[in-house]
Amino acid sequence: MAAPHPPNSSGDCPRLVLFNNSLKNNAFGCDALGLHYKFSTPPAGILKAQRVTQISRRVGPQGRERLVAEWAKNAFRKDQLKMYAEARSSGKAEFVPVKDVLRKTTFTTWPVKRTFVANNGKRYTWKAGPFSMKLYCEDNKRQEVASFHRRRLLFSPRDAHIKLVHGYEDILDYIVVTAAVVESLRRERKGAKTQGGSTT
């Protein structure tokens, strides 16, 4: 999907703001681009081993929602992703293990690097630190494409958001979906270290 091209100076980079801190039922919105990404997850049930989060995109206030991805979380196996951008390029969309979509390429504490191939055929890497994570294209590892900033409640409070910097227009769906998955993995890792804690 190609997004409008806003001004490109560092001070006016558009931001997709997360409405609350959940990654199950939430939305990223950007008034400057007229974009709205919604995350919808059915309630958990006693017999439901798997819950599938649907991620949809709407352009403009009256635009029609379009499904861009499904994110399956199963109690008995690893998470899986289905990217509908793949269906538009290859003719089909299938669930694939998250670890095969977002390959972890480092084993250090920080930064944690996870790499994926977007719908334009290029390889991108999220470099996740303790407070934020940045996305780079393998074609130019010095040029930041986007970044995800976590919610901060004290000392200049801010909502969680994705800042779009450069060369993001054709891969927005991948940026939003992979940012949410990488942040979810970070929360799960943090929760495991503290013997509990919400990953929502």
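Start at 1 with the first residue, then count along the sequence. Here the structure is a predicted model, which means the values were calculated and not measured.
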Under 3.5 Å: donor-acceptor pair, side chain of [X], backbone of [Y]:
| X | Y | result |
| --- | --- | --- |
| Asn26 | Ser22 | yes |
| Thr178 | Tyr174 | yes |
| Arg152 | Ser156 | yes |
| Asn25 | Thr41 | yes |
| Arg51 | Pro42 | yes |

Item to complete: Might you point out which heavy atoms bring Arg77 and Gln80 nearest each other, and give the distance in Å?
Response: NH2-OE1, 3.8 Å
Worksheet item: If you take all heavy atoms of Thr106 and Pro111, which pair is closest and at what distance?
Response: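 Looks like OG1-O, 3.4 Å.
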Worksheet entry | Working for side chain to side chain contact (heavy atoms under 4.5 Å, CB included), residues Arg15 and His149 | CA-CA 10 Å; Arg15 297 183 179 189; His149 301 267; over 6 Å; no
Within-4.5 Å side-chain heavy-atom neighbours: [X] and [Y]:
| X | Y | result |
| --- | --- | --- |
| Leu33 | Leu164 | yes |
| Cys30 | His36 | no |
| Leu172 | Leu35 | yes |
| Lys122 | Asp139 | yes |
| Ser132 | Ser147 | no |
| Asp159 | Leu18 | no |
| Tyr136 | Val145 | no |
| Phe116 | Leu135 | yes |

What is the distance from atom [atom1] of [X] to atom [atom2] of [Y], rounded to the nearest 0.5 Å?
| X | Y | atom1 | atom2 | answer |
| --- | --- | --- | --- | --- |
| Met133 | Ile162 | CE | CD1 | 7.0 Å |
| Leu67 | Ser56 | CG | OG | 7.0 Å |
| Glu183 | Arg187 | CD | CZ | 4.5 Å |
| Asn21 | Arg151 | CG | CZ | 3.5 Å |
| Lys113 | Leu102 | NZ | CG | 15.0 Å |
| Trp71 | Leu81 | CH2 | CG | 7.5 Å |

Item to complete: Flag the pair Lys127 and Glu144 as a salt bridge only when some basic side-chain nitrogen lies within less than 4.0 angstrom of an acidic carboxylate oxygen.
Response: no
Please check if [X] and [Y] belong to a single hydrophobic cluster, counting links between Ile, Leu, Val, Met, Phe, Trp and Tyr side chain heavy atoms closer than 4.5 Å.
| X | Y | answer |
| --- | --- | --- |
| Val59 | Val176 | yes |
| Phe95 | Leu185 | no |
| Ile55 | Val96 | yes |

Worksheet item: When you check the side-chain N and O atoms of Glu138 and Thr125, is any donor under 3.5 Å from an acceptor?
Response: yes
Worksheet item: Step by step, would you call Val165 with Gln143 a side chain to side chain contact (heavy atoms under 4.5 Å, CB included)?
Response: CA-CA 9 Å; Val165 182; Gln143 174 63 61; 4.1 Å; yes
Worksheet item: Where do Asn119 and Tyr84 land on the side chain to side chain contact (heavy atoms under 4.5 Å, CB included) test, with the steps shown first?
Response: CA-CA 10 Å; Asn119 51 291; Tyr84 285 90; over 6 Å; no
Worksheet item: What do the steps show when you test Phe19 against His161 for ring-ring contact (aromatic ring centres under 6.0 Å, His included), and what is the final call?
Response: CA-CA 9 Å; Phe19 290 176; His161 63 275; over 10 Å; no
Practice prompt. Test Arg57 against Glu65 for side chain to side chain contact (heavy atoms under 4.5 Å, CB included), laying out the working first.
Written response: CA-CA 5 Å; Arg57 181 190 69 236; Glu65 286 191 359; over 6 Å; no
Worksheet item: More than 12 heavy atoms of other residues, nucleotides or ligands under 6.0 Å from NZ of Lys78: is that the case?
Response: no
Worksheet entry | Asp100 atom CG: more than 12 heavy-atom contacts under 6.0 Å |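 Check passes, neighbour count above 12.
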Item to complete: Take the angle between the ring planes of Phe148 and Phe28 and call it parallel below 30°, perpendicular above 60°, tilted in between.
Response: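 The arrangement is perpendicular - the two ring planes meet at more than 60°.
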